[in-house]
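The structure under discussion appears below in the form of structure tokens.
Naming: A, B, ... by sequence-line order, numbering from 1 per chain. The analysis underlying the following values was restricted to heavy atoms, covering all of them including side chains, and did not include hydrogens, waters or symmetry mates.
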Number of protein chains: 2
Amino acid sequence: MAGIRQLAERLDISIGTVSRALNNKPDVKKETRERVLKMALEMGYRPNQMGRALRRGSTNTIGFVMEIGNPSALGGDNFFMGLLDSVQEVLAKSGFDLVLLPCRSADDPIEFLQRQIARGVADALVISATRRHDPRIELLLKTGTPFLALGRSETKGDYPWIDLDFEGVAGQSVRRLAAMGHNRIAIAMPRRSVNLAHLFLQGYRSAVADLGLDPDPDLVQRVSSSENGGMALANRLMSLDIPPTAVILAHELMASGLYDGLQQGGLRPGHDMSIIGFRQNPQLRYLRPSLACHALSLQALGQAVGRRVLALVDPPESDPPSPLVWEMDYIEGDSVRPLIPVA
Amino acid sequence: MAGIRQLAERLDISIGTVSRALNNKPDVKKETRERVLKMALEMGYRPNQMGRALRRGSTNTIGFVMEIGNPSALGGDNFFMGLLDSVQEVLAKSGFDLVLLPCRSADDPIEFLQRQIARGVADALVISATRRHDPRIELLLKTGTPFLALGRSETKGDYPWIDLDFEGVAGQSVRRLAAMGHNRIAIAMPRRSVNLAHLFLQGYRSAVADLGLDPDPDLVQRVSSSENGGMALANRLMSLDIPPTAVILAHELMASGLYDGLQQGGLRPGHDMSIIGFRQNPQLRYLRPSLACHALSLQALGQAVGRRVLALVDPPESDPPSPLVWEMDYIEGDSVRPLIPVA
DNA sequence: CTGTTAGCGCGTTCAC
DNA sequence: GTGAACGCGCTAACAG
């Protein structure tokens with residue numbers, strides 16, 4: 001684990017030349033470069049990234065801010081794990097490293113971000129779980145930190161984002177269920193400050209209004225994105241004067257709790273209540289009846305995230321960081337049935 | 001987002017004095033210190049960690065190396081998420097930050113570690129998923145990088161580790177099932193290079209031998225730690241000439257796949273085959289019949305991890321980094337039944 | 001082509 | 001009690 005100085009001393013040339021040789025600068029004799037590279041390998045030279053970063057002002061690292069300790073993470077949501085794999089793959093190809101910056105839900109996200117920015121640990125950040133109004137975005141814009149938002153926000157400004165098509169999924173789900181005769185369609189999502197909940201609700205409301213379905217506000221339920229939340233949802237829906245005949249979930253992890261809750265209340269998922277989940281999740285593969293949901297290639301999405309965040313720091317190679325709504329494909333499942341069976 | 005220089009200029013004192021005031025050095029007039037601290041707050045001063053790290057040789061950061069892209073992570077294992085929450089809590093109290101260093105299973109772990117060490121991103125590392133023979137440990141020992149291994153290894157050397165009691169869990173599970181009349185007890189775990197599999201098997205073999213149970217090698221199955229692995233396991237066990245009447249899992253995520261696989265084969269989990277899972281996992285809370293398993297406080301374990309890794313970099317406050325085997329408590333479940341029902 | 005020099009931002013030592 | 005100067009490891013600008 002030698003430094004550039006030892007390398008130079010050992011080769012008896014100046015450290016400047018060594019630096020240029022290692023960094024593929026043009027003005028170095030081929031023979032010298034080879035000598036340096038050979039010796040570097042031999043001595044196990046690793047450039048000290050602190051010194052390099054201090055000098056160059058960049059770290060070749062992307063930071064991914066991740067909330068931990070929230071119900072869906074603890075419940076085993078594999079969304080980020082699947083995503084990060086291909087994000088990292090893309091970054092690695094450009095010589096960038098990925099670090100995850102775990103932010104406890106108990107911590108102040110602003111204080112946390114400020115620390116990370118100051119730390120200079122990353123050239124650009126990816127933030128997720130955007131809020132409808134998100135102070136983090138204001139901070140990042142103000143400090144000029146390059147970032148990509150994984151999720152939209154109503155916070156104004158010129159910044160790139162990628163988000164799933166929550167509105168589309170909610171709207172299409174309503175239409176699909178309505179076409180099968182459902183009139184009282186419920187919807188379940190997390191608390192309103194999370195922007196995805198807002199978008200999901202918009203898509204739902206808009207479709208419900210268009211189709212003239214029952215707009216009963218009791219059909220809109222706020223529960224946590226977890227198995228527990230699904231259980232709570234089951235109980236709330238069953239306790240309504242007129243329970244809905246279908247429900248759309250903003251997070252698929254609610255499904256297993258919902259199934260069990262319904263069954264404990266004597267209702268059969270799919271038969272007595274149609275259910276459409278959000279994302280197709282391998283973890284729910286064996287759920288019966290199979291959950292209707294929406295497919296999404298985490299790999300493709302991860303690559304898009306990687307490319308866009310690279311565009312923020314690398315020469316923006318004609319890849320304009322424009323907003324991107326990620327479409328999802330409906331996957332049929334036995335959890336959805338027509339309201340009146342057509343024999 | 002000002003640096004120390006701007007602070008000094010604004011206060012019209014030297015950089016050195018500002019630095020001393022901020023770092024609580026003795027040789028500074030109380031009044032001056034207060035002025036500095038006040039201004040620092042006002043200007044939103046954040047020390048540049050690159051410069052600081054370069055100068056001090058330490059970063060006040062702990063790196064947690066995490067494998068991503070493996071089946072259990074993608075399957076939604078929440079083990080690390082739950083753990084990290086309290087690790088970070090402990091670190092934060094000592095002013096340390098936590099960064100996660102995701103290592104793709106496709107990447108070379110050694111090359112990856114070398115990069116991270118050189119990067120100087122962390123004062124100490126936590127590595128997990130230790131192998132029976134683990135070259136990473138050799139590298140870390142050789143380079144003198146402080147680290148904590150989350151998991152034992154047979155790789156020799158003087159280093160601290162914390163590990164779950166795989167041997168104990170496997171052995172106790174065998175004894176428990178044997179006491180209920182089971183004689184052919186199967187065991188399922190990941191590939192042998194992962195050390196936990198080795199330990200698990202040792203505990204199993206030792207108990208099987210002690211009790212004079214059927215030592216049929218077909219009862220030892222290697223499958224991935226995922227729902228899929230559980231499904232594969234079900235098929236393999238059912239295809240044996242004499243299927244076992246009980247099975248012990250090295251990873252609880254196998255359980256749901258196993259349940260479904262058995263049911264598809266006409267067997268009832270619990271009735272026709274007793275099942276003991278590994279860790280109590282909230283994600284499996286609603287599994288029926290309820291899974292017998294072993295409880296573990298992720299919070300307590302996380303705190304232990306945090307304290308021990310801090311002891312590597314902070315003044316070791318009488319907390320000797322001795323090896324630690326983390327005990328787990330058996331939780332009864334309906335997935336375990338006596339072989340011959342006693343009416 | 002190569003050596004020399006000047007910082008990047010900070011903490012620290014040594015004068016004053 | 002404070003300021004000035006030095007150096008952590010590295011890259012970039014300039015001189016030779």
Ignoring hydrogens and angles, answer whether the base of dG9(D) and the side-chain atoms of Arg46(A) contain a donor-acceptor pair closer than 3.5 Å. no

Using only modelled atom types and a 3.5 angstrom limit, is any donor from either the side chain of Arg55(A) or the base of dG7(C) paired with an acceptor on the other? yes

Under-4.0 Å side-chain N/O to phosphate OP1/OP2 contact, [X] with [N]:
X	N	answer
Tyr45(A)	dC10(D)	yes
Thr17(A)	dT2(C)	no
Arg52(A)	dG9(D)	no

Classify Ile13(A) by what it touches in the nucleic acid, base, sugar-phosphate, or nothing, heavy-atom distance under 4.0 Å. sugar-phosphate

Considering every strand and a 4.0 Å limit on heavy-atom distances, what is the contact class for Arg5(A): base, sugar-phosphate, or nothing? sugar-phosphate

Please test Asp123(A) against Thr59(A) for side chain to side chain donor-acceptor pair (under 3.5 Å), starting from the C-alpha separation and ending with a verdict. CA-CA 6 Å; Asp123(A) 296 339; Thr59(A) 59; 3.0 Å; yes

Quick one: [X] [atom1] to [N] [atom2], roughly how many Å, whole number?
X	N	atom1	atom2	value
Ile117(A)	dG9(C)	CD1	P	16 Å
Gln49(A)	dC8(D)	CD	P	19 Å
Arg20(A)	dG3(C)	CZ	C1'	8 Å
Ile15(A)	dA6(C)	CD1	P	14 Å
Leu7(A)	dT11(D)	CG	C1'	15 Å
Arg56(A)	dA12(D)	CZ	C1'	11 Å
Met50(B)	dG7(D)	CE	P	23 Å

If you fit an axis to the five pairs at each end of the helix from dC1(C)-dG16(D) to dC16(C)-dG1(D), how big is the angle between those two axes, to 10 degrees? 50°

Which nucleotide sits closest to the side chain of Asn48(A): dC10(D), dG9(C), dG11(C)? dC10(D)

Near-strand residues of residues 22-40 of chain A, defined as heavy-atom separation under 4.0 angstrom from DNA chain D: Asn23(A), Lys25(A)

So, does [X] use its side chain to make a donor-acceptor pair with the main chain of [Y] at under 3.5 Å?
X	Y	result
Thr143(B)	Leu139(B)	yes
Arg136(B)	Ser128(B)	yes
Arg131(A)	Thr155(A)	no
Ser153(A)	Arg132(A)	yes
Arg115(B)	Asp97(A)	no

A side-chain contact here means heavy atoms from C-beta on lying under 4.5 Å apart; do Arg33(B) and Val36(B) qualify? no

Can you check whether Pro135(B) reaches Ile110(B) side chain to side chain, under 4.5 Å on heavy atoms? yes

Exactly one of Val99(A), Leu150(A), Leu101(A), Leu125(A) should register a side-chain contact (heavy atoms from CB on, under 4.5 Å) with Phe64(A). Which one does? Leu150(A)

Using the side-chain contact (heavy atoms from CB on, under 4.5 Å) definition, which of the options Leu324(A), Ile137(A), Val325(A) pairs with Trp161(A)? Val325(A)

